[in-house]
*Asks:* 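Just passing along the structure, written as structure tokens.
A, B, ... follow the sequence lines: proteins, then strands. Residue 1 opens every chain.
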Number of protein chains: 2
Amino acid sequence: MALDHALLVSLLEKPSSGYELARRFDRSIGYFWHATHQQIYKVLARMEEAGWIVAEVQAGATAPDRKEYSVAAPGRAELSRWLAAPTDPEGTRDALMVKLRGAAFDDPARLLPELEHHRATHANRLTAYRIIETRDFAGTLDRQRALQYMVLKSGIRFEQGWLEWCEEALEVLRSFGQDQSRRTTP
Amino acid sequence: MALDHALLVSLLEKPSSGYELARRFDRSIGYFWHATHQQIYKVLARMEEAGWIVAEVQAGATAPDRKEYSVAAPGRAELSRWLAAPTDPEGTRDALMVKLRGAAFDDPARLLPELEHHRATHANRLTAYRIIETRDFAGTLDRQRALQYMVLKSGIRFEQGWLEWCEEALEVLRSFGQDQSRRTTP
DNA sequence: CCCAGCATGTAAGAGGTTACATGATTGC
DNA sequence: GCAATCATGTAACCTCTTACATGCTGGG
């Protein structure tokens with residue numbers, strides 16, 4: 001149930017419409033939590049009914065009237081409660097790892113494009129993060145900035161780790177290319 | 001739909017009952033993909049109906065008869081197809097990052113126990129991986145072993161990154177402890 | 001005139017979690 | 001006798017994804 005809280009934080013940072021939130025979940029916030037607009041609208045409606053957020057309807061300007069949500073006192077209280085409540089680190093679920101172990105029963109070389117694609121993706125993300133780092137987090141930071149920077153830093157660390165691992169995995173897979181045996185269990 | 005494939009790989013590595021698979025998903029396989037027994041039984045039933053796997057019923061020994069599943073030709077074909085099909089690196093979803101950004105609107109010190117818990121969890125996992133590493137992956141490795149080792153290495157890299165990041169985050173949070181202002185937006 | 005962007009949603013289905021349910025065997 | 005382990009599942013519920021649906025405004 002953490003999408004609720006991600007939206008609360010997002011709305012505290014800046015009151016927004018569902019549409020705007022959806023766009024932010026495709027960029028900045030999306031780097032550590034992603035969600036589609038369908039999900040977002042549903043959760044916003046639920047939270048409004050619960051009184052966690054309030055909508056200010058801005059009529060006239062747009063086709064369906066724009067609704068700008070902001071966090072109400074109960075929403076703030078709920079966020080505060082959730083912040084102090086312990087959560088276990090989430091279990092990993094990575095299809096690529098399954099594929100690697102599965103490659104032992106197929107031709108490992110078929111994974112090469114996949115791994116290269118992953119490497120490229122992680123390299124791109126790392127570059128994007130580095131740009132944000134120099135642009136937004138140089139010099140002295142206030143408390144909010146410092147916290148945001150910690151989040152960005154986790155992303156940087158993470159992507160760099162992935163990148164290095166991809167290189168290593170590619171080397172290992174390529175070293176298999178020499179021998180022509182196709183399966184370990186034919 | 002990747003649990004199907006995780007189970008196929010697992011059954012190729014060793015034909016098993018649903019119960020055994022569930023236990024392995026709580027340990028070795030669970031390090032990169034977790035699933036409950038309820039899920040596993042459902043997917044096994046579906047895959048058996050689809051002809052991907054076959055069950056050998058071992059009657060008599062246990063209360064509900066034990067069913068040992070192994071992968072049939074169509075299952076192998078499906079796995080092969082999936083291995084070559086591209087998948088995007090999955091989007092991150094980390095509640096801890098949401099909490100960090102949320103802490104700017106609350107007392108950041110309340111996150112300390114959570115972060116310490118995370119640090120401890122990642123430290124424990126790292127230790128567990130290191131033990132597996134020395135025990136199972138020393139010396140020369142065949143192809144299957146080399147692939148498994150790559151998976152383990154990603155886990156090690158990952159946990160080490162988390163660990164270092166946790167230390168860093170704890171230091172930053174503690175540095176806030178000096179000033180007593182409670183909220184950025186009161 | 002058309003397309004991109006803004007803005008809202010509904011609906012069906014797949015996947016995942018939590019709780020419930022049963023029953024034999026083995027070791028203490 | 002009791003608890004742990006082996007072994008199978010069902011049911012309710014929630015979340016997430018994918019597809020569908022509508023309609024205005026502004027720029028080229």
*Asks:* Both A/Ala63 and B/Lys67 contact DNA chain D. Which one's nearest nucleotide lies toward the 5' end?
*Replies:* B/Lys67
*Asks:* Looking at A/Arg23, does any N or O in its side chain come under 4.0 Å of the phosphate oxygens OP1/OP2 on C/dG5?
*Replies:* no
*Asks:* Nearest whole angstrom, please: distance from the P of C/dA7 to the CG of A/Leu44.
*Replies:* 14 Å
*Asks:* With distance as the sole test, does B/Ser80 use its side chain to make a donor-acceptor pair with the main-chain N or O of B/Arg76 at under 3.5 Å?
*Replies:* no
*Asks:* Reading DNA chain D 5' to 3', which nucleotide is the first, and which the last, to come under 4.0 Å of any heavy atom in chain B?
*Replies:*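 Taking any atom under 4.0 Å from a heavy atom of chain B, the span is D/dT5 to D/dT17.
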*Asks:* Quick one, which residues of residues 35-43 of chain B touch DNA chain D with a heavy atom under 4.0 Å?
*Replies:* B/His37, B/Gln38, B/Tyr41
*Asks:* Check nucleotides 26-28 of chain C against the protein and report each pair of N or O atoms closer than 3.5 Å, with its distance, or say if there are none.
*Replies:*
none

*Asks:* Check side chain to side chain contact (heavy atoms under 4.5 Å, CB included) between A/Asp65 and all other residues, then give those that pass, not counting sequence neighbours.
*Replies:*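 Side chain to side chain contact (heavy atoms under 4.5 Å, CB included) list for A/Asp65, sorted by chain: A/Val57, A/Ala59.
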*Asks:* In terms of the angle between their ring planes, are B/Trp162 and B/His122 parallel, tilted or perpendicular, with boundaries placed at 30° and 60°?
*Replies:*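 Ring orientation of B/Trp162 relative to B/His122: parallel.
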*Asks:* Tell me: CE of B/Met47 to C1' of C/dA14, nearest whole Å?
*Replies:*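 After rounding, the gap between these two atoms is 16 Å.
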*Asks:* More 5' along DNA chain D: B/Arg93 or B/Asp65, using each one's nearest nucleotide?
*Replies:*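 Its nearest nucleotide lies further toward 5', so the answer is B/Asp65.
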*Asks:* Can you find a pair of side-chain heavy atoms, one from B/Leu100 and one from B/Asp94, that are under 4.5 Å apart?
*Replies:*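 In short, these two side chains do not touch, never coming nearer than 4.5 Å.
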*Asks:* List for me each residue that meets ring pair (Phe, Tyr, Trp, His ring centres under 6.0 Å) alongside B/Tyr149, sequence neighbours excluded, and say none if there are none.
*Replies:*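 Per chain and number, B/Tyr149 pairs via ring pair (Phe, Tyr, Trp, His ring centres under 6.0 Å) with B/Phe137.
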*Asks:* Exactly one of B/Arg27, B/Arg66, B/Lys67 should register a salt bridge (Lys or Arg N to Asp or Glu O under 4.0 Å) with B/Glu20. Which one does?
*Replies:*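 Going through the options one by one, the only one that passes is B/Arg66.
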*Asks:* If I take atom CZ in residue B/Arg66 and atom C1' in nucleotide C/dT25, what distance separates them, rounded to the nearest angstrom?
*Replies:* 15 Å
*Asks:* Going by salt bridge (charged side-chain N to carboxylate O under 4.0 Å, His left out), name the pairs with one or both residues in residues 36-63 of chain B, residues two or more places apart or in two chains.
*Replies:*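 Matches after skipping sequence neighbours: B/Asp4-B/Arg46.
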*Asks:* Between A/Glu133 and A/Arg130, does at least one N-O distance fall below 4.0 Å, as a salt bridge requires?
*Replies:* yes
*Asks:* Donor-acceptor pair, A/Arg101 side chain versus B/Leu147 backbone, under 3.5 Å?
*Replies:*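 Side chain of A/Arg101 to backbone of B/Leu147: no pair is present.
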*Asks:* Is there a donor-acceptor contact under 3.5 Å from the side chain of B/Ser10 to the main chain of B/Leu7?
*Replies:* no
*Asks:* If you define the side chain from C-beta out and look only at heavy atoms, does anything of A/Glu164 sit under 4.5 Å from B/Lys153?
*Replies:* no
